[in-house]
Novice: 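Here it is, the structure in full.
As the structure is a prediction and not an experimental result, all values here were calculated from the model. Proteins get letters first, then strands, A, B, ... in listed order; numbering begins at 1 in each.
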2 protein chains.
Amino acid sequence: MTEPAATPIREYGGIEDVFDALRSEGHRVTTPCRLVLEALFRAAGPISAQQIVEDTPVVGFEPSSAYRNLERLEQLGVIRHVHLGHGPSLYMLVGSGEKEFLLCERCGRVKSVDPSALDPLREQIERDFDYRARFGHFPIVGLCATCAKHE
Amino acid sequence: MTEPAATPIREYGGIEDVFDALRSEGHRVTTPCRLVLEALFRAAGPISAQQIVEDTPVVGFEPSSAYRNLERLEQLGVIRHVHLGHGPSLYMLVGSGEKEFLLCERCGRVKSVDPSALDPLREQIERDFDYRARFGHFPIVGLCATCAKHE
DNA sequence: ATACTTGCAAATGATTTGCCAGTGT
DNA sequence: ACACTGGCAAATCATTTGCAAGTAT
């Protein structure tokens, strides 16, 4: 692994701040760490570890390194992941608008909503079942309007 | 695979009816098919393919056969499965009280509830998001009362 | 300098598939 | 009889781990 980063990501803003924050907390900002974060900054939405590696044309950038960095960054609260049905975990940056998800298990479409939009639901679940529901890690799964009609 | 079935399951009632139903629809009731169904009839709750094989001391009963039969039986509507967080799919008989689930992602505890208990929730989700939520295949995930306190 | 990280290969866990032999109807 | 199934081995997919070599601080 000797190539420079694929693209300077400066224009997305913020990534250097993440590097600084990591360093100031005593963590090392290594090449794979940077590549993972750059891919996540580049991404339009939640992406898999495999996508992160594929979207990064740097020889020697290994899935295992991506996973190790994803785990570390998640523990540090920089990123998080969601399980959308079957399929791999999808990772995203924390902070850029916390979201919770509704997944259509027929067409796979994902609706991202503001947690506050689900608060009434959460309250009802809390009241009825004494559970604090969270839909940011595992989404609400069902059928979207379109697919519900086709059933 | 030449051994007789591990245990006669007659006392659980109903399994012979399932065999008859399968045969009358032109499906073959083979040894692995019986073993899978027997394990599911025996089980207290949803169990994994691995548990099914482990709970069945019949040499030559292979995971692949268990999976093939689980898939078939599911397509026939005899069984279904749920994804409880990480970990393998858990299979159960259909009909013996349809349930939907709430999973505590901290302690792993699962609460099974009658679908009707979630209908108000479903209505709210339908109203607010135009989604028909179903929690029988993917549960509601969050924190149970106990774990919510410890957070 | 040195502890933390990596690259790479091999292991893991859940599940699937290929293929030919076996069996339920 | 014969198509549907099974056993078994190997493949797949997502992810993890072991370990010696590399590197960020």
Novice: Which sits closer to the 5' end of DNA chain D, A/Gln50 or A/Arg68, going by the nucleotide each is nearest to?
Specialist: A/Gln50

Novice: Between atom CD in B/Gln51 and atom C1' in C/dA14, what is the gap in whole Å?
Specialist: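 After rounding, the gap between these two atoms is 13 Å.
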
Novice: Please give, in whole Å, the distance from D/dG6 C1' to B/His27 NE2?
Specialist: 18 Å

Novice: Give a yes/no on whether any side-chain N or O of A/Thr30 is located under 4.0 angstrom from OP1 or OP2 of C/dT6.
Specialist: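 Checking C/dT6 against A/Thr30, a side-chain N or O does come within under 4.0 Å of OP1 or OP2.
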
Novice: By the definition side-chain hydrogen bond (donor to acceptor under 3.5 Å, both in side chains), identify the one residue from A/Glu98, A/His137, A/Glu74 that meets it with A/Arg80.
Specialist: A/Glu98

Novice: Provide, to the nearest angstrom, the distance between the CD atom belonging to A/Glu62 and the C1' atom belonging to D/dT15.
Specialist: 13 Å

Novice: Taking for each residue the nucleotide of DNA chain C with the nearest heavy atom, is it A/Ala66 or B/Ala49 whose nucleotide lies nearer the 5' end?
Specialist: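 Looking at the nearest nucleotide for each, A/Ala66 comes out on the 5' side.
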
Novice: Please state how far atom CZ in B/Arg23 lies from atom P in C/dT25, giving the value in whole angstrom units.
Specialist: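 Taking atom P of C/dT25 as the reference, CZ of B/Arg23 is at 5 Å.
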
Novice: Measure from CG on B/Leu35 to C1' on C/dT23 and round the result to the nearest Å.
Specialist: 15 Å

Novice: Figure out the CD/C1' separation between B/Glu25 and D/dC4, and round it to whole Å.
Specialist: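 Distance, rounded to whole Å: 16 Å.
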
Novice: Is the phosphate of D/dG6 approached by B/Ser65 (side-chain N or O, under 4.0 Å from OP1 or OP2)?
Specialist: no

Novice: What nucleotide, of C/dC8, D/dA24, C/dG22, holds the atom closest to the side chain of A/Ser64?
Specialist: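 Of all the options, the side chain of A/Ser64 is nearest to C/dC8.
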
Novice: Could you tell me whether B/Arg23 atom CZ has more than 12 heavy atoms of other residues or ligands within 6.0 Å of it?
Specialist: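 For B/Arg23, atom CZ is crowded (more than 12 foreign heavy atoms under 6.0 Å).
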
Novice: Can a salt bridge be assigned to the pair B/Lys111 and B/Glu100 using a cut-off of 4.0 Å between side-chain N and carboxylate O?
Specialist: no

Novice: Contact between A/Val113 and A/Leu102 at the side-chain level, heavy atoms closer than 4.5 Å - yes or no?
Specialist: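 They are in side-chain contact.
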
Novice: Salt bridge check: are B/Glu105 and A/Arg134 linked by an N-O gap of less than 4.0 Å?
Specialist: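 Judged by the 4.0 Å cut-off on N to carboxylate O distance, B/Glu105 and A/Arg134 do not form a salt bridge.
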
Novice: At a heavy-atom distance below 4.0 Å, what parts of residues 69-90 of chain A sit against DNA chain C?
Specialist: A/Asn69, A/Arg72

Novice: For B/Ile52 and C/dT15, what is the distance between atoms CD1 and C1' respectively, to the nearest whole Å?
Specialist: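 Interatomic distance, CD1 of B/Ile52 to C1' of C/dT15: 13 Å.
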
Novice: Could you check whether the rings of A/His83 and A/Phe138 sit parallel, tilted or perpendicular, using 30° and 60° as the cut-offs?
Specialist: parallel

Novice: A/Tyr67 OH to C/dA11 C1': how many Å, rounded?
Specialist: 15 Å

Novice: Does B/Arg132, at its CZ atom, have more than 12 non-hydrogen atoms belonging to other residues, nucleotides or ligands within less than 6.0 Å?
Specialist: no

